[in-house]
Amino acid sequence: FHLAQGIQTEFIPREDQGTFQVELALPEGTRLEVTDRVANRAAAMIHEIGSGDVQHVYVRSGLDPSRVSGAGDATGPNHATLAVLLKTGERHSLQSIVRDIDGPLRELPEVEIKYRLNETALEGVMGEKSAPVQVEVTGDNLDILRDLTADLKSEIEALSTVYNLRTSFQGGQPEVDVVMRDEVVAAFGMTTQTVSQAVSRRLSGEVAGELSKDQRSRTIRVRYEDVDMKELKNLRIDGTDGTILTLGDVADLRIIEGPREVLRENQRRVGRITGYLRDGAVLSEAVRDIQDVIRNWPIPQGYRISIGGEEREREESFASLKFALILSVVLVYMVMASLFESLLHPFTVMLSVPLAGIGVVFGFWALNEPLSVMAYIGIIMLGGIAVNDAIVLVDRVNQLRQDGQGLREAVVHGARDRLRPIMMTSATTILALMPMIIGLGEGARLRAPMAIAVIGGLVTSTLMTLIIIPTMYEMIDWLRGKETA
């Protein structure tokens, strides 16, 4: 149990896919030509630094909102994306390449750089939420959420297990925030609604009528010319008593960065922090570090901080797979009860399952492999495979007893007769799964945990079946005879 508690956990095994993206964000208002020039310079730097590992760098400058798949992706002529394709064969790891190019790219003036790593085969299906580390701050006030998310991100960035953090508030478009002076507005007999309507008419115009032509109606909108920040402040506002005011008289104007996306969960606003695991770090290790930060974090009343992303998916998947494991054990017992026409002897066979569990724990502990969904599937498979040896042994003992042999004699002869078949069937299964552990072919890292679970469980269940199962058979038969007497 102590070894089992020390095994790390993760959702899906991570594997170097050989590709990653570099997202560049220049100041708002940057022309497309300048963005493209900076992006090509960054691509040349990546080629130069990773000359032995980088095969191609594809540059896309200026992201069209209509062609961006993610609703929260930053768009505009000041954004660019570099898709980096690494060479196949022997090369440095993706994490080390990103670490090498990060320093020189950070020296580019007035450029914000973020990385999006492709570390699992499922990321193309799961989309942007595939970032393994996600922390969600839930509340109502958007400004408080922004501050809490930024402060918490700064604390998490100091951890040694995560990097490349970003928030859902980063990369937003600049907005003009109009803060009304309520006492001034009320003094001139106006309301915030009348002021906002006047500003809306000045900026968006008014509908003057409709034009019908070719059985189609078109709205005629009359509007003023576009205004800059200075002209907006001098925008005319007519008071109810005929007083002529400006927008700057009744409100304070400030330029702020609006949120890139407004997330909601159960009709409450959510600020999200996403990040990636450092090379050698495991999801459960990073989650434990983040939980330590959250535990000591002062959370305002009405706000909540939770860990989502792959950790949430892992918890839900493990709960479902745990039910599947229990159900598989129950079904195996029902089959054994009908086969042996007994309710006690199936317990002898089912004892192979916990014996196999010992091998699973030792296998993952010895190889320092995290327990993932793929490993759990292997454990469920093991529930049906591990009992095969015990079935063969117990069935042979029952046959010998029906032929007239005594209990001890039938157990000894049955174990001797079935020793070779048991060893051969287990050995062939173990050898057939060895290539999955060695890691041959694409996606080998994804399949390896399943093989480790099956092989580790078969080794211990096979060896202990020949010792413990005969002993338990005699004990259960003795107990049943004692009850009958």
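Residues: numbered from 1 along the sequence shown.
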- Query: Should we count CG of Asn296 as having more than 12 external heavy atoms under 6.0 Å?
  - Reply: yes

- Just by modelled atom types, is the Leu26 backbone N or O under 3.5 Å from a matching donor or acceptor in the Thr30 side chain? no

- Query: Where do Val178 and Val199 land on the side-chain contact (heavy atoms from CB on, under 4.5 Å) test, with the steps shown first?
  - Reply: CA-CA 10 Å; Val178 181; Val199 175; 5.9 Å; no

- Residue pair Asp289, Thr161: steps toward the side-chain hydrogen bond (donor to acceptor under 3.5 Å, both in side chains) verdict: CA-CA 8 Å; Asp289 293 343; Thr161 51; 3.3 Å; yes

- Message: How long is the straight-line distance from CG of Asp177 back to CG of Asp143, given to the nearest 0.5 Å?
- Response: 8.0 Å

- Item | Pairing of Arg268 and Asp140 as salt bridge, 4.0 angstrom limit | yes

- Any chance you could lay out the side-chain hydrogen bond (donor to acceptor under 3.5 Å, both in side chains) test for Asp151 and Ser154, step after step, and finish with the verdict? CA-CA 5 Å; Asp151 294 340; Ser154 301; 5.4 Å; no

- Item | Candidate pair Arg116 and Phe20, rule side-chain contact (heavy atoms from CB on, under 4.5 Å), full reasoning | CA-CA 6 Å; Arg116 186 176 298 182; Phe20 67 94; over 6 Å; no

- Give, for atom CD1 of Ile113 and atom CD of Glu107, the distance between the pair rounded to the nearest 0.5 Å. 10.0 Å

- Would you call Arg312 and Glu315 a salt bridge, taking side-chain N to carboxylate O under 4.0 Å as the test? no

- Message: Using side-chain contact (heavy atoms from CB on, under 4.5 Å), reason through Gln55 and Leu86 one step at a time and then give a plain yes or no.
- Response: CA-CA 5 Å; Gln55 184 173 357; Leu86 304 180; over 6 Å; no

- Would you call Glu136 and Arg272 a salt bridge, taking side-chain N to carboxylate O under 4.0 Å as the test? yes

- Message: Please evaluate residues Gln8 and Ser284 with respect to the criterion side-chain hydrogen bond (donor to acceptor under 3.5 Å, both in side chains), reporting the C-alpha separation (whole Å), side-chain torsions for both, the decisive distance (0.1 Å), and the verdict.
- Response: CA-CA 6 Å; Gln8 304 286 354; Ser284 60; 2.4 Å; yes

- Note on the structure: So CD1 of Ile46 and CD of Glu48: to nearest 0.5 Å the spacing works out to 11.5 Å

- Item | Residues Asp102, Tyr115; criterion side-chain hydrogen bond (donor to acceptor under 3.5 Å, both in side chains); working and verdict | CA-CA 9 Å; Asp102 184 59; Tyr115 301 93; 2.9 Å; yes

- Item | Verdict with supporting geometry, Arg288 and Glu285, salt bridge (charged side-chain N to carboxylate O under 4.0 Å, His left out) | CA-CA 5 Å; Arg288 187 166 54 249; Glu285 184 181 4; 5.4 Å; no

- Task: Compare every heavy atom of Leu159 with every heavy atom of Arg278, then report the nearest pair and how far apart it is.
- Result: NE-O, 4.3 Å

- Task: Would you check if the side chain of Arg236 reaches a backbone N or O of Leu245 as a donor-acceptor pair within less than 3.5 Å?
- Result: no

- Task: Quickly, which of Ile273, Thr274, Val135 forms a side chain to side chain contact (heavy atoms under 4.5 Å, CB included) with Thr167? Name it, please.
- Result: Ile273

- Query: Less than 4.5 Å apart, any side-chain heavy atom of Ile12 and any of Glu310?
  - Reply: no

- Task: Give, for atom CD of Glu10 and atom CD of Glu311, the distance between the pair rounded to the nearest 0.5 Å.
- Result: 11.0 Å

- Determine whether more than 12 heavy atoms belonging to other residues, nucleotides or ligands lie under 6.0 Å from atom CZ of Arg221. yes

- Quick check: are there more than 12 heavy atoms from other residues, nucleotides or ligands sitting under 6.0 Å from CZ of Arg264? yes

- Given side chains that start at C-beta, do those of Met45 and Ile101 come closer than 4.5 Å, heavy atoms only? no

- Have Asp36 and Ser61 got a donor and an acceptor in their side chains that come within less than 3.5 Å? yes

- Query: Looking at residues at least two apart in the chain, or sitting in another chain, which of them share a side chain to side chain contact (heavy atoms under 4.5 Å, CB included) with Thr460?
  - Reply: none

- Note on the structure: Between the CD1 atom in Ile380 and the CG atom in Leu325, the distance rounded to the nearest 0.5 Å is 5.5 Å

- Message: Measuring only between side-chain heavy atoms, which start at C-beta, is Thr35 closer than 4.5 Å to His79?
- Response: no

- Query: Is the shortest distance from a Lys or Arg side-chain nitrogen in Glu157 or Lys153 to a carboxylate oxygen in the other one below 4.0 Å?
  - Reply: yes

- Item | Phe318: ring-ring contact (aromatic ring centres under 6.0 Å, His included) partners, not counting sequence neighbours | Tyr376

- Task: Could you tell me whether the side chain of Val282 reaches within less than 4.5 Å of the side chain of Leu277, counting heavy atoms only?
- Result: no

- To the nearest 0.5 Å, tell me how far Ser372 OG sits from Met450 CE. 8.5 Å

- Between the side chain of Arg218 and the main-chain N/O of Leu211, is any donor-acceptor distance below 3.5 Å? no

- Count the heavy atoms of every other residue, nucleotide or ligand shown that sit under 6.0 Å from CZ of Arg41, and state whether that count exceeds 12. no

- Message: Could you check whether any side-chain N or O of Ser317 sits under 3.5 Å from a backbone N or O of Glu313, counting only pairs where one atom can act as donor and the other as acceptor?
- Response: yes

- Query: Residues two or more places apart in sequence or in another chain: which of them pass salt bridge (Lys or Arg N to Asp or Glu O under 4.0 Å) with Arg99?
  - Reply: none

- Message: Would you say that more than 12 heavy atoms from the other residues, nucleotides or ligands in this model lie under 6.0 Å from the NE2 of His92, or not?
- Response: no

- Query: Heavy atoms, side chains only, cut-off 4.5 Å: are Arg254 and Val176 in contact?
  - Reply: no

- Please work out whether the ring planes of His56 and Tyr58 are parallel, tilted or perpendicular, with thresholds of 30° and 60°. tilted

- Message: Counting C-beta onward and ignoring hydrogens, is there a side-chain heavy-atom pair between Tyr303 and Leu148 closer than 4.5 Å?
- Response: yes

- Just do the salt bridge (charged side-chain N to carboxylate O under 4.0 Å, His left out) check on Asp53 and Lys87 with the steps written out, would you? CA-CA 5 Å; Asp53 303 308; Lys87 294 180 179 179; over 6 Å; no

- Could you tell me whether a side-chain N or O of Ser196 sits under 3.5 Å from a main-chain N or O of Thr192, the two making a donor and an acceptor? yes

- Query: Quick one: are Leu152 and Val137 in side-chain contact, heavy atoms under 4.5 Å?
  - Reply: yes

